[in-house]
Amino acid sequence: MSTPESPPGADRESVPADPADSPFRTEPTSRDEAPQFVLPLVVHIEKTDPPARTDALRTAARAVLTMLSDERALGGGEWAQVMREWQDARIRKVVRRARGAEWRKASALPGITVTGEHAEVRVFPPVPLDAWPRELAKLQVSGTDLDDPEPPAAPDRDAPVLWMNPEVGMSAGKAMAQAGHGAQLAWWELSDTERKAWREAGFPLSVATPDPDLWRELTVSGLPVVRDAGFTEIAPGSCTVVADHPALRRSTRGPGAGVGPRVRAGAASRRKIRRCC
């Protein structure tokens, strides 16, 4: 997969510069006063041949990154204005499922389909919270669940990893949205050069569930942490994902390779609001 290079800083206006402006704060903020949009994602699930759960999570995260970096979502692109409005609010993401004719109809709408090992996820430009396209509004959102037939491979610690909270149970659809949040937080923290390298590599990443001890270490490492707003399934403020990217780690690694932030002006202060308390 390749996507066009964006002009330096093309979407920087959407990156929160102040911890108090995080889209994941549980109390009301100025973001709640803005018009609310949602980023729709649709996963292709056929009854007889569903994708593996981890493959679906990984593909959803890559779909979000693909949308964020697409030339139509940047600068003066046709999706740029709605992307800015979405990122100025709560950056909600909702995953629905489709099969057969439903998937074909959804695929005909403007958007981008991203494929994994077996998973297919189509991401669409943000839509108003209460004004979904008819073809998407009728798709099922609740109860989307998937399994891993085989234990997932160990993550590559030299590449980006989205670490999922081992103590919070989520449906596959909910977890896919959370993986997308984590990927977006990592994207926001990267420089233009780092974004370009990740994009040109096809957004490689792993999704993994650490043991409780490593999870606790990760949540205080300074890496971006997703804290869910609690609209569905889990309690407000629950920490769901740690976004671990090589560019955000310490330049020198100790025994806990891959854990810990690389200090960069402005970045550390923005991450604080995303730590799990």
Side-chain angles (χ1 to χ4, degrees), residues 1-6 10-11 14 23 35-46 50-51 55-142 144 146 162 172-184 186-188 195 198-200 202-205 207:
M1 179 197 69
S2 62
T3 54
E5 181 177 353
S6 61
D11 62 346
S14 297
Q36 296 298 307
F37 290 81
V38 60
L39 187 77
L41 297 104
V42 175
V43 56
H44 185 193
I45 302 180
E46 295 292 342
D55 186 22
L57 268 62
R58 187 168 52 238
T59 305
R62 291 179 53 241
V64 171
L65 292 166
T66 301
M67 175 59 77
L68 288 168
S69 63
D70 191 277
E71 64 178 354
R72 291 165 290 184
L74 302 171
E78 61 188 282
W79 299 338
Q81 181 60 39
V82 73
M83 285 291 290
R84 285 191 289 269
E85 292 176 350
W86 169 64
Q87 292 183 86
D88 284 344
R90 283 283 186 173
I91 66 167
R92 294 186 184 185
K93 301 174 182 71
V94 172
V95 177
R96 296 176 184 261
R97 65 182 184 273
R99 58 186 175 91
E102 293 174 334
W103 173 253
R104 291 190 292 273
K105 289 178 181 178
S107 297
L109 297 177
I112 307 168
T113 297
V114 175
T115 59
E117 294 178 4
H118 183 60
E120 289 183 285
V121 175
R122 188 164 179 84
V123 59
F124 303 86
V127 299
L129 189 60
D130 57 355
W132 283 63
R134 181 182 59 187
E135 294 88 346
L136 302 182
K138 65 182 182 181
L139 299 178
Q140 293 293 318
V141 63
S142 61
T144 300
L146 298 165
L162 300 176
K174 178 72 171 181
M176 289 170 67
Q178 298 300 303
H181 289 331
Q184 184 167 357
W187 180 257
W188 276 354
R195 290 179 175 187
W198 199 11
R199 181 174 62 247
E200 291 183 346
F203 294 122
L205 60 88
V207 175

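Model, not experiment: these values are computed from the prediction.
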**Request:** Just jot down the side chain to side chain donor-acceptor pair (under 3.5 Å) partners of T115, sequence neighbours excluded, or say none.
**Result:** none
**Complete:** When rounded to the nearest 0.5 Å, the distance separating CE of M67 from CG of L39 is 6.0 Å
**Message:** To check you understand the geometry: which heavy-atom pair defines the closest contact between A119 and T59, and what is its length?
**Reply:** CB-OG1, 3.6 Å
**Request:** Would you confirm whether W86, through its side chain, and V38, through its main-chain N or O, come within 3.5 Å as a donor-acceptor pair?
**Result:** no
Please tabulate, for side-chain N and O atoms in residues 121-129, each donor-acceptor pair with protein atoms closer than 3.5 Å (sequence neighbours left out).
from: R122; atom 1: NE; to: L109; atom 2: O; distance (Å): 3.4
from: R122; atom 1: NH1; to: T113; atom 2: OG1; distance (Å): 2.7
from: R122; atom 1: NH2; to: S107; atom 2: O; distance (Å): 3.4
from: R122; atom 1: NH2; to: L109; atom 2: O; distance (Å): 2.7
from: R122; atom 1: NH2; to: G111; atom 2: O; distance (Å): 3.1

**Any residue meeting side chain to side chain donor-acceptor pair (under 3.5 Å) with E46, in chain and number order, not counting sequence neighbours** = H44
**Prompt:** How long is the gap from CE on M83 to CG on D70, to the nearest 0.5 Å?
**Reply:** 8.5 Å
**Request:** Quick one: which residue pairs count as a salt bridge (Lys or Arg N to Asp or Glu O under 4.0 Å) with a foot in residues 105-120, not counting sequence neighbours?
**Result:** R58-E117
**Asked** Tell me, do L41 and V64 make a side-chain contact under 4.5 Å, heavy atoms counted?
**Response** yes
**Asked** Are side-chain heavy atoms of F203 and S69 found at a separation under 4.5 Å?
**Response** yes
**Minimum-distance pair of heavy atoms, taken over all atoms of A179 and A61** = O-CB, 3.8 Å
**Asked** Excluding sequence neighbours, so at least two apart, what forms side chain to side chain contact (heavy atoms under 4.5 Å, CB included) with A98?
**Response** V42, E102, W103, L139
**Request:** Return the set of residues passing side chain to side chain contact (heavy atoms under 4.5 Å, CB included) with A177 (not counting sequence neighbours), or none when no residue passes.
**Result:** K93, V95
**Item:** Side chain to side chain, W187 and R199, heavy atoms closer than 4.5 Å
**Value:** yes
**Item:** Closest non-hydrogen atom pair between L136 and P40, with its separation
**Value:** CD1-CB, 4.1 Å
**Request:** For the residue pair D130 and Q36, establish whether any side-chain heavy-atom pair is separated by less than 4.5 Å.
**Result:** no
**Item:** Closest contact, heavy atoms only, P50 versus L146
**Value:** CB-CD2, 3.9 Å
**Message:** Is the shortest side-chain heavy-atom distance between R97 and V43 below 4.5 Å?
**Reply:** yes
**Prompt:** At what distance, to the nearest 0.5 angstrom, does CG of L57 lie from CZ of R62?
**Reply:** 13.0 Å
**Prompt:** Rounded to the nearest 0.5 Å, how far apart are CE of M176 and CZ of R96?
**Reply:** 13.5 Å
**Prompt:** Do R195 and W188 have side-chain heavy atoms sitting under 4.5 Å apart?
**Reply:** yes
**Complete:** Heavy-atom nearest pair, L162 first then A183, reads CD2-N, 3.8 Å
**Request:** Output, in order, the C-alpha distance, side-chain angles, deciding distance and verdict of side chain to side chain contact (heavy atoms under 4.5 Å, CB included) for R72 and I112.
**Result:** CA-CA 11 Å; R72 291 165 290 184; I112 307 168; 3.7 Å; yes
**Approximate separation, where rounding is to 0.5 Å, of R90 CZ and H181 NE2** = 10.5 Å
